[in-house]
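What follows is one structure encoded as structure tokens, with my remarks underneath.
From a predicted model like this one, the values you see are computed outputs, not experimental measurements. As the structure lists them, so they are numbered: ligands from 1, and atoms in each ligand from 1.
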Amino acid sequence: MDFTGKSIVSIRELDKDSFLKILVTSKEIKDGKYADCLRGKLLATLFFEPSTRTRLSFESAMRYMGGGVIGFAGTEYTSVKKGETLVDTIKTVSGYCDVIVIRHPVEGAARLASENAGVPVINAGDGANQHPTQTFLDLFTMNEIFSDLSTIRVGFLGDLKYGRAVHSLAYALSLYNTPLWFISPELLKMPEYLVEEIRENGSRIHEVENLEGLDEQLDILYVTRIQKERFGDMQEYEKVAGCFRITKSVVESLGENIKIMHPLPRVDEIDQEVDTLENAIYFKQAHNGIPVRQAVLGLVLGVLQ
Ligand code: CP
């Protein structure tokens, strides 16, 4: 796939060749290639929702490659507060930059933005829907450790209902036919339409409510935060708050080679004591956001091929 000028909105629009292109380019960048190749280019980061990793790693990525950044984190001092629509904001900002990265609480907002922008739009998370660049850095991190994505056994634990990182990544892994375990209480189960899609793509799926019996069954446990901000009813949230916690002894019970991933931020679902274990790779995962997002920017801006 040629990424030049294209928006990246949903993982569904990509295939394994596109992932390979991103993984290979990210590795080249991590190894020191393509420094300064975005000199003269400008990125706009439009964050209508909080973020630490995605926004800052995109901004670092652009600056490390010699480009510039404009944008906002929160709408308080923007004309959104005066009632400006998303479409008008996007049409305006399109004229100020070469590429837009947008995070928005509403599912479909990134799609709407891409349809109204004169520059490529990269979805940095739209509600509970998609987070494609998180998936790229997750795949990159997995690929650094396991050379074959089709044979790894991946368990997703936590909020599978509202977790956009899980939705994007599970779909991407299904293109490799990766066997997947969806581990969550009933209230946080993976949406049925996604389970169907993933199964149809070729992944074997196991749906369970806890980690019982999963010792030595998984290569990766991908843990997620319960997305409190997505619950319409706080009583429903209280039913599942704190319902799982990964401690050192839980990690040990899963086998000495298990890798623990998490898109972050975490709240209390992984004990800090786990951070010291070799098994914990979530900060390495977060740091891989830089070369991966450098690759994404270089490819959509047509500077890298
Ligand atoms: N993983 C992720 O999207 O983190 P932020 O919300 O901090 O960007």
Side-chain angles (χ1 to χ4, degrees), residues 8-11 14 19 22 26 43-64 69 71-76 99-110 113 121-144 154 156-173 188 220-231 246 259-270 272 274-275 280-297:
I8 298 179
V9 173
S10 168
I11 218 72
L14 302 170
F19 298 150
I22 288 166
S26 304
L43 162 68
T45 54
L46 310 186
F47 278 66
F48 293 77
E49 249 197 358
S51 166
T52 297
R53 277 145 290 274
T54 311
R55 185 174 66 83
L56 295 181
S57 63
F58 260 116
E59 294 189 3
S60 295
M62 194 65 178
R63 292 204 166 103
Y64 278 137
V69 181
F72 56 77
T75 55
E76 194 175 349
V99 56
I100 291 172
V101 171
I102 182 170
R103 171 170 290 187
H104 200 285
V106 177
E107 295 187 19
V121 171
I122 299 168
N123 183 3
D126 60 326
N129 186 28
Q130 288 274 305
H131 195 350
T133 64
Q134 177 69 44
T135 293
F136 302 154
L137 73 90
D138 292 341
L139 294 177
F140 182 77
T141 306
M142 290 176 179
N143 199 56
E144 280 190 318
V154 180
F156 289 97
L157 171 69
D159 187 348
L160 312 188
K161 181 176 181 182
Y162 296 117
R164 57 193 173 203
V166 168
H167 297 165
S168 292
L169 178 58
Y171 186 92
L173 287 171
L188 299 177
I220 294 169
L221 182 65
Y222 191 101
V223 185
T224 63
R225 176 179 65 91
I226 298 179
Q227 314 274 305
K228 185 177 180 183
E229 67 276 22
R230 308 261 178 248
F231 281 75
I246 303 300
K259 299 295 180 207
I260 309 295
M261 296 180 71
H262 192 307
L264 303 176
R266 76 171 143 189
V267 183
D268 55 6
E269 59 277 4
I270 301 180
Q272 282 192 4
V274 174
D275 300 0
I281 59 169
Y282 29 87
F283 287 110
K284 177 186 164 83
Q285 178 188 352
H287 296 157
N288 278 335
I290 301 276
V292 169
R293 290 182 169 122
Q294 285 179 296
V296 168
L297 291 169

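- Close contacts between ligand 1 and L264 involve ligand atoms 1 (N), 2 (C), 4 (O) [criterion: under 4.0 Å to a heavy atom].
- Interatomic distance, CG of D275 versus CD1 of I270, reported as 7.5 Å (0.5 Å rounding).
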Test E59 against T45 for side-chain hydrogen bond (donor to acceptor under 3.5 Å, both in side chains), laying out the working first. CA-CA 8 Å; E59 294 189 3; T45 54; 2.8 Å; yes
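- From the protein, the heavy atom lying nearest to atom 6 (O) of ligand 1 is R103 NH1, 2.9 Å.
- Atom-to-atom distance recorded for I11:CD1 and Q134:CD is 10.5 Å, nearest 0.5 angstrom.
- Using a 4.0 angstrom heavy-atom cutoff, E49 does not count as in contact with ligand 1.
- Remark: minimum distance from atom 4 (O) of ligand 1 to any protein heavy atom is reached at R53 NE, 3.1 Å.
- Every atom of ligand 1 with a heavy atom of T52 under 4.0 Å away is listed here by number and element: 5 (P), 7 (O), 8 (O).
- Nearest-heavy-atom check against atom 8 (O) of ligand 1 across A124, P263, S51 picks out S51.
- The distance from atom OG1 of T54 to atom CZ of F47, rounded to the nearest 0.5 Å, is 5.5 Å.
- The structure places CG of L264 at 10.0 Å from OG1 of T52, a figure rounded to the nearest 0.5 Å.
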